[in-house]
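Heavy-atom basis, side chains included; hydrogens, waters and symmetry copies ignored. Here, residue 1 is the first one in the sequence, and each next residue gets the next number.
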Amino acid sequence: MARRARRLPAIATGLRSAFEQGYGLGELRHDLMAGLTLGTVAVPLSMALAIATGVPPQHGLYTAIVAGALIALTGGSRFNVSGPTAAFVVILFPIVQQHGLGGLLIATMMAGLILVALGLARLGRLIEFVPYPVILGFTAGIAVVIATLQLPDFLGLSLEGLDEHFLANLGRIVGALGSWNPWELAIGLFTLLVMLLWPRLGIRVPAPLAGLVAATLLTRAIGAWLGGDIDIATIASRFSWEADGQSGAGIPPIAPTLLASGLFSNADGEPLSLDFELFHELLGPAVAIAMLGAIESLLCAVVADGLTRSRHDPNAELIGQGLGNIVAPLFGGITATAALARTATNIRSGARSPLAAVVHALVVLLAVVALAEVLGGVPMSALAALLFIVAWNMSEARHMVHTLRTAPPGDVLILVLCFVLTVLFDMVLAVAVGIGLAAALFVHRMAGLTQSRRIEAPTEALGDLPEDIALYDIDGPLFFAAADKALITLHRVDPGVRTLLLDMRDVPSLDATAIEALRRLIDEMHHREIGLVLIGLPARLLIKLKRAGLRKRPGLLHYSRDPRQARRVAWRWREARVGADH
């Protein structure tokens with residue numbers, strides 16, 4: 001049992017590595033300052049992303065509090081900061097529309113179990129198998145969907161609601177353009193302007209916080225000026241809450257509570273029926289959440305390693321992400337993963353350990369308890385402006401344009417297809433098709449590298465061969481897409497050839513298709529009474545062939561270590577044939 005336990009991936013390796021390298025009051029001071037900065041960034045982002053997902057803003061805050069702290073303490077990266085992220089909006093929004101908040105929480109817990117299983121199975125290198133054009137395509141597509149979903153709030157449209165289909169939503173938005181509210185548009189544009197210009201002032205206050213504070217003050221000033229005869233939607237006017245016999249508008253000024261009443265409700269607000277049909281319907285979205293969460297968190301950890309010259313533990317990171325997504329829904333938190341923007345802010349703010357992310361969670365908790373009424377005054381158009389900035393940064397437009405101009409045509413096709421499928425359908429289909437096309441493109445390219453050719457000129461090891469001994473060189477992997485193409489020329493050897501030498505020192509791999517193609521070649525050579533000598537195959541490939549029944553047969557099949565040994569075998573066979581003819 002002890003030996004088996006040692007094989008399991010460790011958890012909390014990020015925290016342990018920080019303490020193993022030495023941790024004192026200086027490092028704690030850096031973590032406190034980084035956590036304070038992160039918390040001020042996380043509060044508006046968490047609210048905005050929860051609203052974009054289709055749930056009240058407090059659930060985004062609860063996610064940053066519970067999942068943000070737990071993942072930091074149990075994960076494998078010293079610098080990752082987790083919480084709600086924009087990438088999940090296109091997956092979570094349809095779940096909320098169909099199954100309500102309860103369905104989203106259950107799907108998140110199912111995804112957490114999948115992430116833990118991936119970490120225990122040591123699949124932390126998952127990110128290496130997702131091609132860059134696929135990632136760039138679906139992230140750009142997600143950015144377009146997020147930006148489109150913010151248009152009603154940004155323009156102040158009178159719109160009853162949106163569903164999970166992009167084109168239908170776009171049609172509804174276009175149809176409602178006549179109801180736009182000039183005050184909300186003005187506040188949204190003002191917020192955008194503040195957030196874009198604020199970094200140029202060099203003031204160490206995060207631009208999202210500055211933009212939302214300025215927008216809230218402007219909204220109150222306009223309301224006071226016009227005497228309340230103005231309709232500007234805010235968090236408090238849009239959302240209400242009930243908890244512990246209390247009720248109010250905006251955000252409840254209470255900490256997240258374990259299994260609070262009303263959490264697991266369906267789209268109609270009724271208690272969710274936990275049955276097999278529901279779990280079956282949520283399995284596909286849960287797998288999509290887990291896959292995207294794994295990709296996002298591991299990609300974020302890789303970027304953090306590059307910025308800090310540290311190393312993360314990918315398996316521990318997956319386990320930490322899984323635990324966070326299992327526990328957070330029990331407190332009302334939605335799906336969480338590592339966020340690149342917050343992680344980069346964490347590093348730039350001087351963080352030294354995962355404790356910075358824990359401090360960030362405590363700052364968000366303090367904001368919920370002490371500043372709920374203030375947060376309720378944030379205008380919805382300002383939050384939409386914030387998400388426009390998030391979507392633009394997420395789209396990586398410059399990288400996408402550069403890739404479209406410089407990448408090979410096959411990669412461009414994959415990028416464009418992933419983008420279109422993400423926008424028009426969903427990210428799950430886009431990633432599946434993108435990875436499938438990337439794999440097919442890779443197979444096609446690898447097949448083009450495999451070739452066979454006859455060596456006519458004398459070689460140093462074999463010398464000048466007689467006409468009845470032919471030498472062919474096979475270069476590249478022999479697999480299902482390349483085996484028949486590479487071996488077909490060998491079926492057309494000259495009638496006078498009695499021994500065929502195959503130099504296979506440059507063949508790194510053989511699959512079942514290649515073994516079957518070799519079997520057919522050997523049978524044909526046997527039928528034509530031509531001996532076959534395979535040269536330089538690695539021991540592991542020889543074992544494969546022998547297990548498949550392709551063993552040595554005198555005068556028909558031989559395996560040689562090198563060309564010199566093959567020459568001796570070929571000449572011995574030749575002398576035996578000459579002797580038999582006489």
Participant: Which residue pairs pass the side-chain hydrogen bond (donor to acceptor under 3.5 Å, both in side chains) test with at least one member in residues 193-210, sequence neighbours excluded?
Facilitator: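 Sorted pair list comes back empty.
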Participant: Please round to the nearest 0.5 Å and tell me the distance separating atom CD1 of I173 and atom CG of L157.
Facilitator: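 Those atoms lie 7.0 Å apart.
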Participant: Taking C-beta and beyond as the side chain, do L340 and N393 meet within less than 4.5 Å on heavy atoms?
Facilitator: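 No; the side chains remain at least 4.5 Å from each other.
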Participant: Stepwise, does the side-chain contact (heavy atoms from CB on, under 4.5 Å) test hold for V89 with V145?
Facilitator: CA-CA 8 Å; V89 171; V145 174; 5.6 Å; no
Participant: Of all heavy-atom pairs between A316 and T13, which one has the smallest distance, and what is that distance?
Facilitator: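 Closest approach of A316 to T13, heavy atoms only: CB-OG1, 3.4 Å.
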Participant: Please name the pair of heavy atoms, one in V134 and one in I414, separated by the smallest distance, quoted to 0.1 Å.
Facilitator: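 That closest heavy-atom pairing would be CG2-CG2, 3.7 Å.
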Participant: Pairing donors with acceptors under 3.5 angstrom, does anything connect the side chains of S82 and T337?
Facilitator: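 T337 and S82 do not have a side-chain donor-acceptor pair below 3.5 Å.
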Participant: If we ignore angles and hydrogens, is there a donor and acceptor under 3.5 Å between the side chains of S310 and D305?
Facilitator: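 A donor-acceptor contact under 3.5 Å links the two side chains.
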Participant: Could you give the distance from CD1 (I334) to CG (L104), rounded to the nearest 0.5 Å?
Facilitator: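 Going from CD1 on I334 over to CG on L104, the span is 6.0 Å.
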Participant: With heavy-atom distances below 4.5 Å as the criterion, would you say the side chains of H165 and N169 are in contact?
Facilitator: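 Side-chain contact under 4.5 Å: no.
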Participant: Quick one: pull up CZ in F88 and OG1 in T63 and give me the separation to the nearest 0.5 Å.
Facilitator: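 The CZ atom of F88 sits 11.0 Å away from the OG1 atom of T63.
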Participant: Verify side-chain contact (heavy atoms from CB on, under 4.5 Å) between L120 and I319, making sure each step is shown before the conclusion.
Facilitator: CA-CA 7 Å; L120 293 176; I319 293 174; 3.9 Å; yes
Participant: Shortest non-hydrogen contact from P131 to A438?
Facilitator: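 That would be CG-CB, 3.4 Å.
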Participant: Below 4.5 Å, heavy atoms only, C-beta onward: do I251 and F239 meet side chain to side chain?
Facilitator: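 With C-beta onward as the side chain, the pair stays apart.
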Participant: Side-chain contact test, heavy atoms from C-beta onward, threshold under 4.5 Å: evaluate it for R405 versus V401 and give yes or no.
Facilitator: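 Touching, per the 4.5 Å side-chain cut-off.
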Participant: Taking atom CG of L209 and atom OG1 of T40, what is their separation to the nearest 0.5 Å?
Facilitator: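 Between L209 CG and T40 OG1, I get 5.5 Å after rounding to 0.5 Å.
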Participant: Applying salt bridge (Lys or Arg N to Asp or Glu O under 4.0 Å), name anything that partners D313, two or more places apart in sequence or on another chain.
Facilitator: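 None.
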Participant: Can a donor-acceptor pair be found, under 3.5 Å and without considering hydrogens, that links the side chain of H402 to the backbone of H399?
Facilitator: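 No: the side chain of H402 does not pair with the backbone of H399.
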Participant: Where is the tightest heavy-atom contact between I71 and A336, given as atom of each residue plus distance?
Facilitator: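 Of all heavy-atom pairs spanning I71 and A336, the closest is CD1-CB, 4.4 Å.
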Participant: Do N80 and E317 make a side-chain contact, defined as non-hydrogen atoms from C-beta onward lying under 4.5 Å apart?
Facilitator: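 Heavy-atom side-chain distance check passes, below 4.5 Å.
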Participant: Apply ring pair (Phe, Tyr, Trp, His ring centres under 6.0 Å) to F388 and list each qualifying residue two or more places apart in sequence or on a separate chain.
Facilitator: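 With sequence neighbours excluded, F388 shows a ring pair (Phe, Tyr, Trp, His ring centres under 6.0 Å) to F154, given in chain and number order.
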Participant: State whether a side-chain donor-acceptor pair under 3.5 Å links Q246 with E242.
Facilitator: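 Checked: Q246/E242 side chains show no N/O donor-acceptor pair below 3.5 Å.
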Participant: Which atom pair, heavy atoms only, marks the closest approach of I135 to V130?
Facilitator: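 Closest pair (atom of I135, atom of V130, distance): CG1-CG1, 3.5 Å.
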Participant: With rounding to the nearest 0.5 angstrom, report the CG to NE2 distance, L105 to H99.
Facilitator: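 Answer for the CG-NE2 pair, L105 versus H99, is 13.0 Å.
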Participant: Counting only N and O atoms by type, is there a donor-acceptor contact under 3.5 Å from the side chain of T257 to the main-chain atoms of A255?
Facilitator: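 Such a contact is found between T257 side chain and A255 backbone.
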Participant: Testing the basics here: between G141 and T422, what is the closest heavy-atom pair and its distance to 0.1 Å?
Facilitator: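 Looking at all heavy atoms of both residues, the shortest contact is C-CG2, 3.7 Å.
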Participant: When you measure from the side chain of N346 to the backbone of R342, do you find a donor-acceptor pair of N or O atoms at a distance under 3.5 Å?
Facilitator: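 Not confirmed, N346 side chain does not pair with R342 backbone.
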Participant: With no hydrogens and no angle check, is any side-chain donor or acceptor of D411 less than 3.5 Å from a backbone partner on P133?
Facilitator: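 No, D411 side chain to P133 backbone: no donor-acceptor pair under 3.5 Å.
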Participant: Backbone N or O of V55 within a donor-acceptor pair of the T53 side chain at under 3.5 Å?
Facilitator: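 Checking the backbone N and O of V55 against the side chain of T53, no donor-acceptor pair under 3.5 Å is found.
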Participant: Once salt bridge (Lys or Arg N to Asp or Glu O under 4.0 Å) is applied, what residue pairs with a partner in residues 142-155 remain, sequence neighbours excluded?
Facilitator: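 Sorted pair list: D153-R238.
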Participant: Test T108 against N325 for side-chain hydrogen bond (donor to acceptor under 3.5 Å, both in side chains), laying out the working first.
Facilitator: CA-CA 6 Å; T108 298; N325 281 285; 5.3 Å; no
Participant: Taking the side chain from Q150 and the backbone from A384, do they hold a donor-acceptor pair closer than 3.5 Å?
Facilitator: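 Not at all, since once roles are kept as given, no pair shorter than 3.5 Å links the two residues.
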Participant: Supply the atom-to-atom distance W392 CH2 to L196 CG, rounded to the nearest 0.5 angstrom.
Facilitator: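 The distance works out to 10.5 Å.
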Participant: Please lay out, stage by stage, how L404 and V416 fare under the test side-chain contact (heavy atoms from CB on, under 4.5 Å).
Facilitator: CA-CA 9 Å; L404 290 172; V416 172; 3.8 Å; yes
Participant: Mind checking what makes salt bridge (Lys or Arg N to Asp or Glu O under 4.0 Å) contact with R352, not counting sequence neighbours?
Facilitator: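 Partners of R352 under the salt bridge (Lys or Arg N to Asp or Glu O under 4.0 Å) test: none.
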Participant: Can you check side-chain contact (heavy atoms from CB on, under 4.5 Å) on L155 and E184, steps first, answer last?
Facilitator: CA-CA 6 Å; L155 299 174; E184 299 209 43; over 6 Å; no
Participant: Say whether, by atom type as modelled, one donor and one acceptor occur between the side chain of S237 and the main chain of A233 under 3.5 angstrom.
Facilitator: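 Not at all, since once roles are kept as given, no pair shorter than 3.5 Å links the two residues.
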Participant: Dump the intermediate steps for side-chain hydrogen bond (donor to acceptor under 3.5 Å, both in side chains) on Q21 and R16, then the final yes or no.
Facilitator: CA-CA 9 Å; Q21 293 182 15; R16 284 190 290 168; over 6 Å; no
Participant: For L25, look at atom CG and say whether over 12 heavy atoms of other residues, nucleotides or ligands are found less than 6.0 Å away.
Facilitator: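 At most 12 heavy atoms, drawn from other residues, nucleotides or ligands, come within 6.0 Å of this atom.
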Participant: Would you check if V81 and C300 make a side-chain contact, meaning some heavy-atom pair closer than 4.5 Å?
Facilitator: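 Not in contact.
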Participant: Answer yes or no: is there a side-chain heavy-atom contact under 4.5 Å between L437 and L417?
Facilitator: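 A side-chain contact exists here, since the closest heavy-atom pair is under 4.5 Å.
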Participant: L212 and side-chain contact (heavy atoms from CB on, under 4.5 Å): which partner among P44, P206, P379?
Facilitator: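 Only one of P44, P206, P379 forms a side-chain contact (heavy atoms from CB on, under 4.5 Å) with L212, namely P44.
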Participant: Is a donor on one side and an acceptor on the other found under 3.5 Å between the side chain of S46 and the backbone of V43?
Facilitator: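 No; zero donor-acceptor contacts below 3.5 Å.
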Participant: Considering only heavy atoms from C-beta outward, does the side chain of F138 approach that of L292 to under 4.5 Å?
Facilitator: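 In contact.
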Participant: Sequence neighbours left out, what pairs pass ring-ring contact (aromatic ring centres under 6.0 Å, His included) with at least one residue falling in residues 14-39?
Facilitator: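 Sorted pair list: F19-Y23.
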Participant: Distance-only, no hydrogens or angles: does the H59 side chain make a donor-acceptor pair with backbone N or O of G332 under 3.5 Å?
Facilitator: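 Pair found, side chain donor or acceptor close to backbone of G332.
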